[in-house]
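Notes for the one structure printed next.
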Amino acid sequence: MGYPRLGGEGGRGGDVWFVAQERTTLKTIKDRYPQKRFLAGTGANSSVKALKGEKGKDCEVHVPVGISVLCDDGKQIGELNAAGERLLVARGGLGGSLATNFMPCKGQRRIVHLDLKLIADVGLVGFPNAGKSSLLSKISHAKPEIANYAFTTVQPELGKVMYADYKQISVADLPGLIEGAHANKGMGHKFLKHVERTKQLLLVVDISGFQLSIKTRFRTAFETILLLTKELELYKEELLTKPAVLAVNKMDLPCAKDNLSELMKQLQNPQDFLHLLQEEMIPANTLEFKDIIPISTYTGEGIEELKARIRKSIDEEAEQENEEYRKKKLLLLQTSEEGQVNRS
Ligand SMILES: Nc1nc2c(ncn2[C@@H]2O[C@H](COP(=O)(O)OP(=O)(O)OP(=O)(O)O)[C@@H](O)[C@H]2O)c(=O)[nH]1
Ligand SMILES: [Mg+2]
């Protein structure tokens, strides 16, 4: 792209910045900049008299919020997580100076890759067919595809849960995880990276235990929870530190009540039941659920309660963040006051 981003006499060339903007998508970038090239300006020539001229005009490229910018070798240059954040992607070249015999330098050249991760308050995590999309369509206006086969959802979809006081919570419907997802089975990495960006997890399990298209056709809800935990742990241990709520789905099925009481026993003393799984499938840590809610997306059982618990969990987390922020501010204030007293 041919911006004349030359610096003024002896000045530095303009830089290339990525600026995060709401409502920008990867497609918008492709449409707006089909050439896919952004040039950092070359520095300007200099005469002996004017060694430091004005810097060239920067090039600003609008990119979606939630993007990671990676170099050709896979190293991360940076991330843009909020609207308005800016990232310097390529520096303009230095202008001519005495040191360069008044010759200017070219701008930095870099091939970059953009990796978009979804940002949502809550991410739905579960095996295929557990009812994640059914749940999203029940609690929000989103219309995800729902079907009785595994991997119906192949793209994450966002829904907004509305509350009476107009608060909105974003929930991401993610494709189902399978055993081996951490090793990229079933495009596991592509799905798991979205889990990284959600503030909280909502695990959805099918209480009937039937699983489609997974090694074993039957996995109890308890086994499913351990397997999901293992996948999250193997991909990135920190994922297990996110607050998590468990939705036990398909409570309308005949076997559900008995299975639920069995599951509650198992979750109270997980150590006593770990032998049910092969050793390599047992996670090192178990997920602590803030709440366990039996639901049915068919009958609507538990749905309002689940919505209320999600809200409570999000509010509690926000309150905790505020508290930490206040403490930090106070500490800063105290240390700067002490510094002033010491100086006077
Ligand atoms: N009996 C019963 N069936 C349900 C319930 N919720 C969902 N289902 C059925 O379970 C099947 C899978 O539902 P989906 O919502 O597509 O499941 P998913 O977890 O999004 O599946 P993937 O997108 O493949 O990961 C569908 O046939 C649904 O109709 C429920 O509460 N009770
Ligand atoms: Mg789905």
Side-chain angles (χ1 to χ4, degrees), residues 118 120 122-161 170-182 184-195 198 200-232 235 244-260 263 287 291-307 309-310:
L118 202 73
V122 179
L124 294 173
V125 175
F127 273 6
N129 229 43
K132 302 177 292 299
S133 302
S134 307
L135 177 58
L136 185 75
S137 69
K138 202 82 190 163
I139 57 177
S140 75
H141 294 298
K143 297 265 168 285
E145 202 181 327
I146 296 166
N148 194 13
Y149 53 82
F151 299 115
T152 309
T153 307
V154 287
Q155 283 280 343
E157 183 154 346
L158 262 193
K160 294 253 183 212
V161 185
S170 57
V171 177
D173 179 20
L174 304 175
L177 292 181
I178 55 165
E179 294 161 51
H182 71 277
N184 213 12
K185 265 201 194 154
M187 296 203 288
H189 284 179
K190 214 170 151 208
F191 306 161
L192 278 160
K193 75 172 186 185
H194 295 296
V195 182
T198 59
Q200 307 210 357
L201 307 180
L202 176 54
L203 259 73
V204 184
V205 292
D206 174 345
I207 195 63
S208 74
F210 281 106
Q211 301 295 337
L212 293 173
S213 151
I214 300 187
K215 280 186 226 158
T216 323
R217 299 279 281 179
F218 191 86
R219 284 258 183 233
T220 63
F222 178 67
E223 289 171 338
T224 309
I225 292 165
L226 290 185
L227 286 169
L228 288 170
T229 312
K230 181 80 183 175
E231 290 305 325
L232 297 175
Y235 179 72
V245 170
L246 174 67
V248 184
N249 192 26
K250 308 198 184 177
M251 284 305 295
D252 53 286
L253 293 175
C255 55
K257 283 215 166 63
D258 291 344
N259 288 356
L260 179 67
L263 173 66
L287 257 177
D291 283 302
I292 300 173
I293 325 272
I295 61 162
S296 164
T297 69
Y298 275 17
T299 64
E301 173 188 343
I303 298 291
E304 282 310 311
E305 190 184 350
L306 179 64
K307 273 173 70 174
R309 299 292 182 98
I310 294 173

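We count ligands from 1, going down the list as the structure has it; atoms in each ligand are counted the same way.
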* Asked: Is there any N or O on Ile146 that sits under 3.5 Å from an N or O of ligand 1?
  -> no
* Structure fact -> atom 10 (O) of ligand 1: closest protein heavy atom, distance to 0.1 Å, is Lys250 NZ, 3.0 Å
* Structure fact -> Residue, atom and distance of the protein heavy atom nearest atom 16 (O) of ligand 1 read Ala147 N, 3.3 Å
* Between Ile225, Ile293, Leu201, which is the residue that forms a side-chain contact (heavy atoms from CB on, under 4.5 Å) with Leu246? -> Ile225
* Structure fact -> In terms of its nearest heavy atom to atom 30 (C) of ligand 1, the top option of Asp252, Ile295, Asn148 is Asp252
* **Which residue and heavy atom of the protein sit nearest atom 24 (O) of ligand 1, plus the separation** => Phe151 N, 2.7 Å
* Structure fact -> of all protein heavy atoms, closest to atom 25 (O) of ligand 1 is Lys132 NZ, 2.9 Å
* Asked: Is there a side-chain contact between Ser137 and Ile146, using heavy atoms and a 4.5 Å cut-off?
  -> yes
* Asked: What residue and atom, counting heavy atoms only, is the protein's closest point to atom 6 (N) of ligand 1, and at what distance?
  -> Thr297 OG1, 2.6 Å
* Asked: Quick one: CG on Leu136 to NZ on Lys132, what's the gap to the nearest 0.5 Å?
  -> 11.5 Å
* Starting from atom 17 (O) of ligand 1, which protein heavy atom do you reach first, and at what distance in Å? -> Gly131 N, 3.2 Å
* Structure fact -> Within the 4.0 Å heavy-atom cut-off, what Leu135 brings close to ligand 1 is neither
* Structure fact -> OG1 (Thr297) and CG (Leu306) are apart, to the nearest 0.5 Å, by 11.5 Å
* Asked: What are the atoms of ligand 1, with element, lying closer than 4.0 Å to any heavy atom of Gly176?
  -> 25 (O)
* Could you pull out the closest heavy-atom pair between Ala181 and Glu231, with the gap in Å? => N-OE1, 3.0 Å
* For atom 21 (O) of ligand 1, what is the nearest protein heavy atom, given as residue, atom name and distance? -> Asn129 N, 2.9 Å
* **Atom pair CZ (Phe127) and CD (Glu223), whose distance is rounded to the nearest 0.5 Å** => 9.5 Å
* To do: Quick one: look up the protein heavy atom nearest atom 29 (O) of ligand 1 and list residue, atom name and how far away it is.
  => Tyr298 OH, 2.9 Å
* Considering only heavy atoms of Ser134, which atoms of ligand 1 have at least one such atom less than 4.0 Å away? -> 6 (N), 7 (C), 13 (O), 14 (P), 15 (O), 28 (C)
* To do: Nearest 0.5 Å please: distance from the CG atom of Asn259 over to the CG atom of Asp206.
  => 9.5 Å
* Asked: Quick one: which ligand 1 atoms are inside 4.0 Å of a heavy atom on Ser296?
  -> 31 (O)
* Atom CG in Leu227, atom CG in Leu232: separation rounded to 0.5 Å? -> 11.0 Å
* Asked: Got a second to check how far Leu174's CG is from Leu158's CG, nearest 0.5 Å?
  -> 9.0 Å
* To do: Mark up the atoms of ligand 1 that fall under 4.0 Å of a heavy atom belonging to Leu253, in ascending order.
  => 1 (N)
* Tell me whether Ser134 has at least one N, O or S atom under 2.8 Å from the Mg ion (ligand 2). => no
* Asked: Considering distance alone, does some N or O of Met251 sit under 3.5 Å from an N or O of ligand 1?
  -> no
* Asked: Judged by atom type as modelled, is there a donor-acceptor pair below 3.5 Å linking the side chain of Lys138 to the main-chain atoms of Tyr298?
  -> no
* Asked: Does the N or O separation between Asp173 and ligand 1 drop below 3.5 Å for any pair?
  -> no
* Could you tell me whether a side-chain N or O of Asn249 sits under 3.5 Å from a main-chain N or O of Val204, the two making a donor and an acceptor? => no
